[in-house]
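These numbers come from the heavy atoms of this one structure, side chains and all, not from hydrogens, waters or symmetry mates. Just so it is clear: chains get the letters A, B, ... in the order the sequence lines come, proteins before strands, and each one is counted from 1.
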2 protein chains.
Amino acid sequence: MTGPEIDRLTTLLARLPGLGPRSARRAVLHLIQKREAALVPLIGALQDVAERVRPCGTCGNFDTRDPCAVCADPRRDDSAICVVEDVADLWAMERAGAFSGRYHVLGGVLSALDGVGPDDLTIPALEARCADGRVREVVLALGATVDGQTTAHVIAERLTAVAPGVTVSSLGQGVPVGGELDYLDDGTIGAALRARRPV
Amino acid sequence: MTGPEIDRLTTLLARLPGLGPRSARRAVLHLIQKREAALVPLIGALQDVAERVRPCGTCGNFDTRDPCAVCADPRRDDSAICVVEDVADLWAMERAGAFSGRYHVLGGVLSALDGVGPDDLTIPALEARCADGRVREVVLALGATVDGQTTAHVIAERLTAVAPGVTVSSLGQGVPVGGELDYLDDGTIGAALRARRPV
């Protein structure tokens, strides 16, 4: 009962992460009903992003500039690089506001199962960045999954070979802020106990 | 850490029903990462809808044609009109495939609290459609809320005055298909009991 234009828009919106067919339909109706307040600005914003946003040639972040705002910021620390799996993780680190160095987006994690090797990721570029002498610390902010931890170990080994002066660390594991023991899995409780600190 | 273009797109997407700031960020990343497969087609689909989709002058449905596909379909029954609150409800009725007549979108329901009177809705246009002699039945497919039922009563009264030959009905109430008694509210169980039918 709806034309092909509406059906096509609904299908495309339903493919976005977090939206299904039902919420895509609601979104389409919302956009049609608020043409000037929602639909027209959304088209403009999407066009801006499509025309202007590119991956940063240094770290892999998305920005309208290359190098990106993080890589170009003179106040940030050139001697530390935080390695993340994808841009979403970089943004999450920045929202936390806890890291003031540079970033390196891997573009994934190593996976024997999916046939992802070091050269499918930006690991060679990371080695080149670490070998230039300015970098002193690399923080591996990868997920606490099997593939994430495997990737962290491989990167640590390779960096030790090409840049022996660089300290490689990974994120601490333990109880998340606001976490209650009763709701934590055994692995997290064990990791938190091993990472115990004097009060 | 993200440019104003990305922030603006995230804000606009987060305003869509069903998306919050977090899923909007994920959607933006998905669109940037799949520029040709997702972002460019989405811009095209939004532009098509913005340029071509309009409300139908007869029933209020959204379509690229006016009258819309439902109003223009010669196989549909001119003698029955289904009255719905908004276009989402019209689409839901069409998905159910249970009604073969025409539609009339009210654009809301009467609400003393929100100051919505009959002339704020398309009730006068509905009266005009019903007074032309072809319409024999009006089905009020409005929500089973206080405002929905008030609106149904007001419309039934007004239609009886201007088009006494028209039969006005409203949707049956009872146990939803797949519904278990244990999980139904008291009002629905009462309505289902009053609407009991011989087996």
Atom [atom1] of [X] with >12 non-hydrogen neighbours under 6.0 angstrom:
| X | atom1 | result |
| --- | --- | --- |
| B:L193 | CG | yes |
| A:R22 | CZ | no |
| B:R35 | CZ | yes |
| B:D185 | CG | yes |
| A:R136 | CZ | no |

Among [options], which residue forms the greatest number of heavy-atom pairs with chain A at distances under 4.5 Å?
| options | value |
| --- | --- |
| B:T11, B:V28, B:D73, B:I43 | B:I43 |
| B:G18, B:A50, B:G44 | B:A50 |
| B:V87, B:D86, B:L39, B:D48 | B:L39 |
| B:P17, B:C68, B:S23 | B:P17 |
| B:L16, B:L46, B:L42 | B:L46 |

Heavy-atom distances under 4.5 Å only: say whether [X] touches chain B with side chain, backbone, both or neither.
| X | answer |
| --- | --- |
| A:R26 | both |
| A:E51 | backbone |
| A:L9 | both |

Write down the atom of [X], the atom of [Y], and the distance for their closest heavy-atom approach.
| X | Y | value |
| --- | --- | --- |
| A:E5 | B:V49 | O-CG2, 3.7 Å |
| B:F62 | A:I6 | O-CD1, 3.7 Å |
| A:A45 | B:L12 | CB-CD1, 3.6 Å |

Which bit of B:A27 is near chain A, if near means a heavy-atom gap under 4.5 Å: side chain, backbone, both or neither?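 Both backbone and side chain.
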As an exercise: rank A:K34, A:R15, A:R54 by heavy-atom pairs under 4.5 Å with chain B and give me the winner.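 Option with the greatest count: A:R54.
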Is it possible for you to say whether [X] and [Y] belong to one hydrophobic cluster, with membership spreading through side-chain heavy-atom contacts below 4.5 Å?
| X | Y | value |
| --- | --- | --- |
| B:V116 | B:L140 | yes |
| A:W91 | A:L142 | no |
| B:V84 | B:L126 | no |
| A:V162 | A:V139 | no |

Quick one: CD on B:Q47 to CD on A:Q47, what's the gap to the nearest 0.5 Å?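 It is 5.0 Å, given to the nearest 0.5 Å.
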